[in-house]
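Here is the structure we will look at, set down as structure tokens.
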Number of protein chains: 2
Amino acid sequence: MAKIDDVARLAGVSKGTVSNVFSQKRPTSPKVTERVLRISRELNYVPNHTARSLVTKKTMAIGLTVPHGNFFFSTFHNQFINGVVLEASTYGYRVLLDMIAVEEVKTPSLASYPIDGAIVLGPMLEDRRIQLLHQHQIPFVTVGQMMNQGIVDASTVNNDNEKIIHDICDYLISMGHRNMMFLNAGQQMTVSMVRSEAFIHALEKHQIGLQPHMIHYKPMVDYEESMRYGYEETYHTLSELSEQVTAIIADDDRTAFSAMHALKDLGYRVPEDISLFVICGDLSMMHQVTPSLTGMDLQPSELGVQAVRLLMHKLSVLEGEYRNHWIVDSRIIERDSCSLK
Amino acid sequence: MAKIDDVARLAGVSKGTVSNVFSQKRPTSPKVTERVLRISRELNYVPNHTARSLVTKKTMAIGLTVPHGNFFFSTFHNQFINGVVLEASTYGYRVLLDMIAVEEVKTPSLASYPIDGAIVLGPMLEDRRIQLLHQHQIPFVTVGQMMNQGIVDASTVNNDNEKIIHDICDYLISMGHRNMMFLNAGQQMTVSMVRSEAFIHALEKHQIGLQPHMIHYKPMVDYEESMRYGYEETYHTLSELSEQVTAIIADDDRTAFSAMHALKDLGYRVPEDISLFVICGDLSMMHQVTPSLTGMDLQPSELGVQAVRLLMHKLSVLEGEYRNHWIVDSRIIERDSCSLK
DNA sequence: CTGAAAGCGCTTACAG
DNA sequence: CTGAAAGCGCTTACAG
């Protein structure tokens with residue numbers, strides 16, 4: 001590959017001038033610009049990204065780390081990632097995908113992270129990723145519930161999870177449901193704790209006593225098993241219970257699908273016998289199944305966009321004031337899976 | 001951040017030695033190793049990835065480019081990406097996600113790609129991404145149908161699309177179906193061309209005449225519209241047709257869901273009135289809906305794994321013989337959405 | 001608007 | 001097993 005010296009020599013200018021033509025950080029005369037560009041084209045020259053990074057100290061990449069474990073994207077993640085990648089490209093940034101946890105610095109061969117900043121999706125308690133980012137002094141923003149873990153000033157973009165749960169409970173309770181089952185996310189997700197608490201508060205607000213069968217947590221397992229979560233919990237809980245659960249709140253669309261499957265096997269109809277509400281699912285897909293699923297629009301793509309904007313502010317790519325915590329709106333999309341008790 | 005000179009000075013050794021401790025390319029005495037490591041820990045030192053890359057000429061990252069446009073991942077893409085990221089991490093490689101097309105070199109500020117190789121998902125006719133990769137001399141492997149476009153020796157990982165379509169047609173025809181509708185992928189996808197041809201051949205093989213309503217192509221549009229594709233084509237085709245279509249082959253699970261929706265609105269039952277076969281869908285999700293969907297297991301995760309392995313061979317990270325074209329197996333998973341005519 | 005020179009933080013022959 | 005020095009391919013004050 002041609003390098004800057006080759007272009008400079010053939011164009012009869014200095015390296016600095018060639019650099020300026022490409023970076024546009026200082027003006028160059030039209031004549032020189034055109035000559036340099038022509039030679040560059042002939043030589044198939046393009047500035048070496050790595051060399052540039054070394055001196056500018058910018059990699060023009062941000063890291064996107066998702067929880068470790070045998071993890072698979074949900075449609076929620078899809079749209080979130082879409083928002084991130086598209087918005088990042090607006091500022092000339094690329095996205096480095098890290099699905100497994102940022103590894104321990106166990107092997108000495110580990111080098112620094114070639115990223116200018118990071119977005120941490122679904123922060124967890126004792127999150128190794130956050131500890132390392134902090135230690136390496138890489139600016140980051142978390143998306144999802146952030147608990148205080150000593151890193152006081154963490155920037156975060158999130159939905160208002162308390163409001164979400166209260167809205168859902170108010171909605172279902174207003175329809176006459178008092179025995180609801182909540183298929184929550186995994187216990188290691190900080191979001192699930194906030195949601196459980198809000199769920200309990202919402203019940204109290206309406207003078208409904210909490211019962212053991214009302215809250216379930218997704219086991220932290222592999223893909224296949226997590227697909228069965230909705231089925232297993234629904235099937236076993238409902239078949240062993242004497243009282244009648246009349247509404248189920250499912251953490252995501254997959255959980256909802258598998259819960260529906262269990263309901264069918266148990267002989268229950270949705271929504272005639274049992275209502276089903278999805279917190280975090282793909283709205284289009286939820287619209288296509290039968291019955292179409294009522295749920296909450298969390299705007300995952302918007303979460304991604306706002307996370308990138310916040311990070312760009314922290315990196316001083318974006319000027320002006322900004323808030324360290326950003327809440328993305330959510331609202332109920334009524335469809336056919338919930339009805340009066 | 002501390003740099004190699006700081007560590008070298010405090011540890012009383014040369015930079016070269018510090019380098020060796022971290023890269024492990026040359027042995028260092030236990031005493032020195034331990035001292036360097038201790039100092040490094042104290043200073044929070046870690047080798048600068050960019051500086052290392054500049055001299056080794058390796059970024060230890062591969063690019064993953066998906067088709068441009070207003071694109072959203074399907075569950076197929078999810079699992080594929082999973083395979084790629086996990087397998088790449090095995091070799092110490094990270095994955096740079098490019099969702100929009102590798103841009104034209106229109107603005108001169110564009111720098112080289114900081115990747116050692118690339119995986120191109122869903123190659124298209126006149127694929128700009130491939131042209132650029134080729135021009136920048138970045139090794140790449142394509143996943144999905146590759147048509148000859150002057151780049152003769154492109155490495156590729158793929159399913160056997162001809163076999164897939166023949167297997168599906170043989171399966172449905174053996175059940176008595178002769179009037180089948182194929183909701184194919186978008187016309188710009190090379191895979192859809194191969195599948196259409198195979199579909200036509202399969203019909204010929206069984207002496208079934210091709211009719212205009214039998215093949216449809218997903219319009220290249222935004223997310224919302226593509227979700228409607230299955231619905232629209234199914235609804236309009238079936239309501240305007242005098243003869244009876246008895247089986248539908250859907251390109252992916254979303255198309256299948258929305259086709260099912262249309263069938264329900266038209267008063268058809270699956271599979272009693274019309275059978276439904278899904279080519280490329282999330283098997284677990286297809287198992288959870290009612291009726292559970294019969295489809296083809298394309299092993300998307302395995303496609304990702306093999307694509308990375310092939311690329312690692314091309315980058316000489318992996319030693320030994322390898323084939324430039326790799327076919328990943330597929331097989332029919334029988335569930336409840338197809339039945340005898 | 002342009003050039004000459006230093007420097008970004010590493011690795012790598014070369015020499016011992 | 002270790003060190004001294006050159007060099008990876010750019011950008012950036014500094015000077016004009």
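Since we're looking at a predicted model, the values are computed, not measured. To find a chain, count down the sequence lines: A is the first, B the second, and so on, and within it residues start at 1.
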Closest to the B/P27 side chain: D/dC1, D/dC10, C/dG9?
-> D/dC1

Result for 5'-nearest mapping on DNA chain D, choosing between B/K57 and A/G16, is B/K57

Can B/R9 and B/D6 be counted as an ion pair, charged N to O under 4.0 angstrom?
-> yes

Among side-chain atoms of B/Q135 and B/Q131, is any donor-acceptor pair under 3.5 angstrom?
-> no

Short side-chain N/O contact to D/dG3 OP1/OP2 from B/T17, under 4.0 Å | yes

Can you tell me how far C1' in C/dT12 sits from the matching atom in C/dG16, rounded to whole Å?
-> 16 Å

P-based separation of D/dT2 from D/dA6 [nearest Å] | 23 Å

Contact under 4.0 Å: A/K25 side-chain N or O vs D/dT12 OP1/OP2 | yes

Is the phosphate of C/dC10, meaning OP1 or OP2, less than 4.0 Å from a side-chain N or O of B/K15?
-> no

Are any of B/S19's side-chain N or O atoms less than 4.0 Å away from OP1 or OP2 of C/dT11?
-> yes

Out of C/dG9, C/dT11, D/dA4, minimum distance to the side chain of B/S14 belongs to D/dA4

Residue whose closest nucleotide on DNA chain D lies nearer the 5' end, B/S29 versus B/L54 = B/S29

Find the partner of C/dA4: check Watson-Crick (N1-N3 plus N6-O4 or O6-N4) and G-U wobble (N1-O2, O6-N3) distances, both under 3.5 Å, and reply none if neither fits.
-> none

Side chain of B/V32 - closest among D/dG9, D/dT2, C/dG9 = D/dT2

Min side-chain heavy-atom separation B/L64-B/F80 under 4.5 Å | yes

Please tell me which of the listed nucleotides, C/dT12, D/dT2, C/dG3, lies nearest to the side chain of A/R26?
-> C/dG3

Indicate, with a heavy-atom threshold strictly under 4.0 Å, whether B/V13 touches base, sugar-phosphate, or nothing.
-> sugar-phosphate

Applying the 3.5 Å cut-off to both distances, the Watson-Crick or G-U partner of C/dA13 turns out to be none

